[in-house]
Amino acid sequence: MSIQFYNSLKREKENFVPIEEGKVGLYTCGPTVYDFAHIGNFRTFMFEDLLKRWLTHLGYRVNHVMNITDVDDKTIKKASAEGISLLDLTTRYTDHFMIDLEWLKMLPANSYPKATNAIPKMIKLIERLLEKGFAYQERDGSVYFNIRSFPDYGRLTHIDIKAQKQGDRVSEDEYDKDAPQDFALWKGWKESDGNVGWDAPWGKGRPGWHIECSAMSSDALGDHFDIHCGGVDNMFPHHENEIAQSQCATGEPFVNVWLHSEFLMVDGGKMSKSLGNFYRISDLRELGFSPESIRYQLLAGHYRSKILFSLDKKHESERIVQRVSDFQLRLIENNADQFSVGLFPEAYSEFKNRMNNDLDTPRALATFFEFMKKINSKLDEQKISEMELGAAWEFLNVFDSIFGFIQSNDFEISQEIEEQLNKRNQARLNKNWAESDSIRKSLHKKGWIVEDTHDGQKIKKA
RNA sequence: GGCGUCGUACCCAAGUGGCUCAAGGGAGCAGUUUGCAAAACUGUCAUUCGCCGGUUCGAAUCCGGCCGACGCCUCCA
């Protein structure tokens, strides 16, 4: 069975067929670096990371491009408010973003083009749109895209332009334009822009938001590529506008598959910076969340469903991380790694089918948990073959290469802890349970969990 | 007003006409194991899928209505 995706453009699942066999061009809308990204932003980035990992596992060579929006209203406004340069501001938050990405164990994209580095490319695109009559200039130096010149406008979001209610914001727009819904390709320089601006044939200014993605995606992946992702809120107007610009400029189809991830909710509502009800990654770190437990929370629900992020789920996600991590240790203790010969257990094909079904992570997880239970059971009864152990090892490794739930067990035991363990062992041999229990308790307070097994005591980090 | 999503156990969360079904996880309870714990495993945990009608031999799954929650239409993952 080949992989199927729910293509937002067609609103149905379809088999994925790459433009070039074995390769996938993947463009994902990245952050606007005017502030810290929050956990809701990372829900989308985590989904895109999962997608890339799964495609890679299937053998595709994925070229993943994630843009960094480093010039727009918000970045300019904030830099000006802080009295620093746009570059200083965006560099700061880009750095934070990269740190968070790495902490969450997300694989880096192949490239992170910045909008400010793609201005010439954007100008070229706009020139082409002007030449072909899809865009027009205004007296203030702005350039707008004429949406009525593109009959397919609204196809992605099924929006009928004429039926739209006009918001106050639109009619009060500070820029001149022919029709309220025409969107800016280029915004003429205004005083509030300060020293932010680039020279263009139609005057100094800065790019509109949407043009950067059209420019950078075609630059990195070609005019026509495989997959474009983003959050559902980007469907309109951002992605709709991208399609309009790109297709009108190149005359070619733009993207084959559009994938959109749903929102992450908190307190029953959308988490967003403007509402102030959000968690940054640093907030969650302070609250004691591990990257693995956050990964579980973000990946346990299907990407097209709203998920609830909750501090109450911390315990649940930690239990999962612990179970899977313990499972790995148990396999290692049984030398499973030495028995692996590249064979997978039966459960793997079910897991694969479920992942191939539009990345059905909830059911894929269910498959893995059932498998884990079965193997644990066999280990308990000591009725497991070397072949089964090897296959379990293979499956576990694939599983973790996709979900990344396993917590590293590299830790050093200090001299002091070592002494405590020896003391406890001695107490146990003397059946001095009171002392043994009290040492276990005191170690627990220091962040260590001691477990007694048939092979003696074991220590791990709490 | 237009477009769209969703309502499943104490909590999270799958399933979208019949087949092995209301998956899986967390919490709880009971048990195996253990000196005791922990871990692991076993059992238990929704005759029922917001409510009311309809279609059908058969619906959580399709249709209609109602109630409720949410998103987009303006920057937003």
Side-chain angles (χ1 to χ4, degrees), chain A residues 11 28-32 34 37-48 69 72-74 77 154 157-173 180-181 183 209 229-238 240 260-265 268-275 278 296-297 300-302 304-310 312-320 322-323 326-327 329-330 354 360-370 372-381 428 431-434 436-437 440-441 444 449-454 457-458 460:
Chain A
R11 301 201 177 184
T28 62
C29 282
T32 301
Y34 73 106
H38 59 63
I39 185 70
N41 301 123
F42 281 108
R43 194 249 166 121
T44 294
F45 301 140
M46 189 66 81
F47 147 67
E48 292 157 352
T69 301
D72 80 322
D73 295 355
K74 289 175 301 219
K77 200 171 159 190
T157 46
H158 293 222
I159 276 178
D160 177 2
I161 312 160
K162 295 176 209 88
Q164 290 310 296
K165 193 173 150 184
Q166 286 183 18
D168 297 337
R169 175 85 168 265
V170 175
S171 51
E172 284 174 12
D173 199 290
Q181 291 119 333
F183 59 89
W209 172 34
C229 300
V232 282
D233 54 333
N234 273 160
M235 286 175 84
F236 191 88
H238 187 52
E240 198 73 73
H260 291 97
S261 60
E262 252 298 347
F263 277 127
L264 177 141
M265 315 290 283
K270 177 180 139 182
M271 183 186 280
S272 75
K273 287 177 192 167
S274 50
L275 293 174
F278 63 89
Y296 174 76
Q297 281 214 40
H302 191 263
R304 282 190 289 115
S305 300
K306 292 184 181 75
I307 56 169
L308 307 172
F309 186 85
S310 157
D312 297 340
K313 282 157 104 174
K314 184 165 181 268
H315 176 78
E316 177 181 344
S317 50
E318 281 170 352
R319 284 285 302 137
I320 298 299
Q322 195 60 250
R323 273 182 64 194
D326 283 353
F327 184 58
L329 287 181
R330 198 170 184 192
R354 290 176 166 186
D360 189 350
T361 53
R363 292 220 286 165
L365 287 177
T367 299
F368 183 77
F369 291 143
E370 279 179 341
M372 201 164 69
K373 200 184 270 187
K374 192 179 116 198
I375 297 298
N376 269 324
S377 208
K378 287 192 175 192
L379 283 163
D380 280 353
E381 291 165 21
R428 281 174 51 73
K431 294 195 192 296
N432 185 349
W433 307 128
S436 141
D437 290 354
R440 183 168 62 195
K441 226 175 178 174
H444 186 73
I449 291 174
V450 182
E451 293 176 0
D452 296 314
T453 70
H454 294 294
Q457 48 181 10
K458 272 185 201 162
K460 63 186 181 190

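By convention in this document, chain letters (A, B, ...) are assigned in the order of the sequence lines, proteins followed by strands, and residues within each chain are numbered from 1. The basis for the numbers below is simple: all heavy atoms, side chains too, and nothing from hydrogens, waters or symmetry mates. These numbers were taken from a predicted model, which means no experiment stands behind them.
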What integer number of Å spans the [atom1] atoms of [N] and [M]?
N: A27(B); M: C10(B); atom1: C1'; answer: 8 Å
N: C63(B); M: U55(B); atom1: P; answer: 15 Å
N: G58(B); M: G17(B); atom1: C1'; answer: 8 Å
N: G26(B); M: A40(B); atom1: P; answer: 8 Å
N: C12(B); M: C75(B); atom1: C1'; answer: 32 Å
N: A37(B); M: C45(B); atom1: C1'; answer: 25 Å
N: A13(B); M: C6(B); atom1: P; answer: 14 Å
N: C70(B); M: G24(B); atom1: C1'; answer: 25 Å

Looking only at the side chain of [X] (C-beta and beyond, no hydrogens), which of the listed nucleotides [options] gets closest?
X: Ala366(A); options: A13(B), A14(B), G24(B); value: G24(B)
X: Trp433(A); options: G15(B), C36(B), G35(B); value: G35(B)
X: Lys313(A); options: A23(B), C12(B), C72(B); value: C12(B)
X: Glu316(A); options: A77(B), A13(B), G25(B); value: G25(B)
X: His315(A); options: G35(B), A77(B), G26(B); value: G26(B)

Residue list, salt bridge (charged side-chain N to carboxylate O under 4.0 Å, His left out) with [X], at least two apart or on another chain:
X: Lys378(A); value: Glu388(A)
X: Arg304(A); value: Asp358(A)
X: Lys314(A); value: Glu318(A)

Could I get a table of every N or O pair under 3.5 Å where one atom is in the protein and the other is in nucleotides 4-10 of chain B?
none

Assert: residue with more 5' nearest nucleotide on RNA chain B, out of Glu370(A) and Ser305(A), is Ser305(A)
Distance in angstrom units between [X] [atom1] and [N] [atom2], rounded:
X: His238(A); N: C75(B); atom1: NE2; atom2: P; answer: 11 Å
X: Lys314(A); N: A27(B); atom1: NZ; atom2: P; answer: 14 Å
X: Met235(A); N: A77(B); atom1: CE; atom2: P; answer: 16 Å
X: Phe309(A); N: A13(B); atom1: CZ; atom2: P; answer: 13 Å
X: Ile307(A); N: C11(B); atom1: CD1; atom2: P; answer: 18 Å
X: Arg354(A); N: A13(B); atom1: CZ; atom2: C1'; answer: 13 Å
X: Tyr34(A); N: C75(B); atom1: OH; atom2: P; answer: 13 Å
X: Leu308(A); N: C12(B); atom1: CG; atom2: P; answer: 6 Å

[N] - base-pair partner by Watson-Crick or wobble geometry, distances under 3.5 Å:
N: U16(B); answer: none
N: C62(B); answer: G54(B)
N: U5(B); answer: A69(B)
N: G28(B); answer: U44(B)
N: C36(B); answer: none

How is [X] classified with respect to the nucleic acid when contacts are heavy atoms under 4.0 Å: base, sugar-phosphate, or nothing?
X: Leu379(A); result: nothing
X: Tyr296(A); result: sugar-phosphate
X: Ser317(A); result: nothing
X: Gly40(A); result: base

Counting distance only, does the side-chain N/O of Glu262(A) pair as donor-acceptor with the main-chain N or O of Val232(A) below 3.5 Å? no
Just by distance, do the side chain of Arg363(A) and the backbone of Arg354(A) share a donor-acceptor pair under 3.5 Å?
no
Go through the structure and list residues passing side chain to side chain contact (heavy atoms under 4.5 Å, CB included) with [X], not counting sequence neighbours.
X: Thr157(A); answer: Ile159(A), Met235(A), Phe236(A), Glu240(A)
X: Thr453(A); answer: Asp455(A), Lys458(A)
X: Arg428(A); answer: Arg424(A), Trp433(A), Ser436(A), Asp452(A), Gln457(A)
X: Ser261(A); answer: Thr44(A), Phe47(A), Tyr303(A)

Those residues at least two apart in sequence (or on a different chain) that pass ring-ring contact (aromatic ring centres under 6.0 Å, His included) with His238(A) are Trp209(A), His210(A)
The ring-ring contact (aromatic ring centres under 6.0 Å, His included) partners of Phe45(A) (sequence neighbours excluded) come to Phe42(A), Phe97(A)
| Under the salt bridge (charged side-chain N to carboxylate O under 4.0 Å, His left out) criterion, do Asp380(A) and Arg330(A) qualify, and how do the steps go? | CA-CA 11 Å; Asp380(A) 280 353; Arg330(A) 198 170 184 192; 2.6 Å; yes
*Enclosure of Lys313(A) NZ (heavy-atom neighbours >12, cutoff 6.0 Å)*: yes
Please check if the number of heavy atoms outside His158(A) that lie under 6.0 Å from its NE2 is greater than 12.
yes
Would Arg323(A) count as a cation-pi partner of Phe369(A), with NZ or CZ less than 6.0 Å from the six-membered ring centre and within 45° of the ring normal?
-> yes
With a 3.5 Å cut-off and heavy atoms only, can you find an N or O donor on one side and an acceptor on the other between the side chain of Asp437(A) and the base of G35(B)? yes
Ignoring hydrogens and angles, answer whether the base of G15(B) and the side-chain atoms of Arg363(A) contain a donor-acceptor pair closer than 3.5 Å. no
Please tabulate, one pair per line, each protein N/O and nucleotide N/O from nucleotides 59-61 of chain B that are separated by under 3.5 Å, including the distance.
none

If you restrict it to nitrogen or oxygen atoms, what contacts under 3.5 Å exist between nucleotides 38-42 of chain B and the protein, and what is each distance?
{"from": "A38(B)", "atom 1": "O2'", "to": "Glu451(A)", "atom 2": "OE2", "distance (Å)": "3.0"}
{"from": "A40(B)", "atom 1": "OP2", "to": "Arg319(A)", "atom 2": "NH2", "distance (Å)": "3.3"}
{"from": "A40(B)", "atom 1": "O3'", "to": "Asn376(A)", "atom 2": "ND2", "distance (Å)": "3.3"}
{"from": "A40(B)", "atom 1": "O2'", "to": "Arg330(A)", "atom 2": "NH1", "distance (Å)": "3.4"}
{"from": "A40(B)", "atom 1": "O2'", "to": "Asp380(A)", "atom 2": "OD1", "distance (Å)": "3.2"}
{"from": "A40(B)", "atom 1": "O2'", "to": "Asp380(A)", "atom 2": "OD2", "distance (Å)": "2.7"}
{"from": "C41(B)", "atom 1": "O4'", "to": "Asp380(A)", "atom 2": "OD2", "distance (Å)": "3.1"}

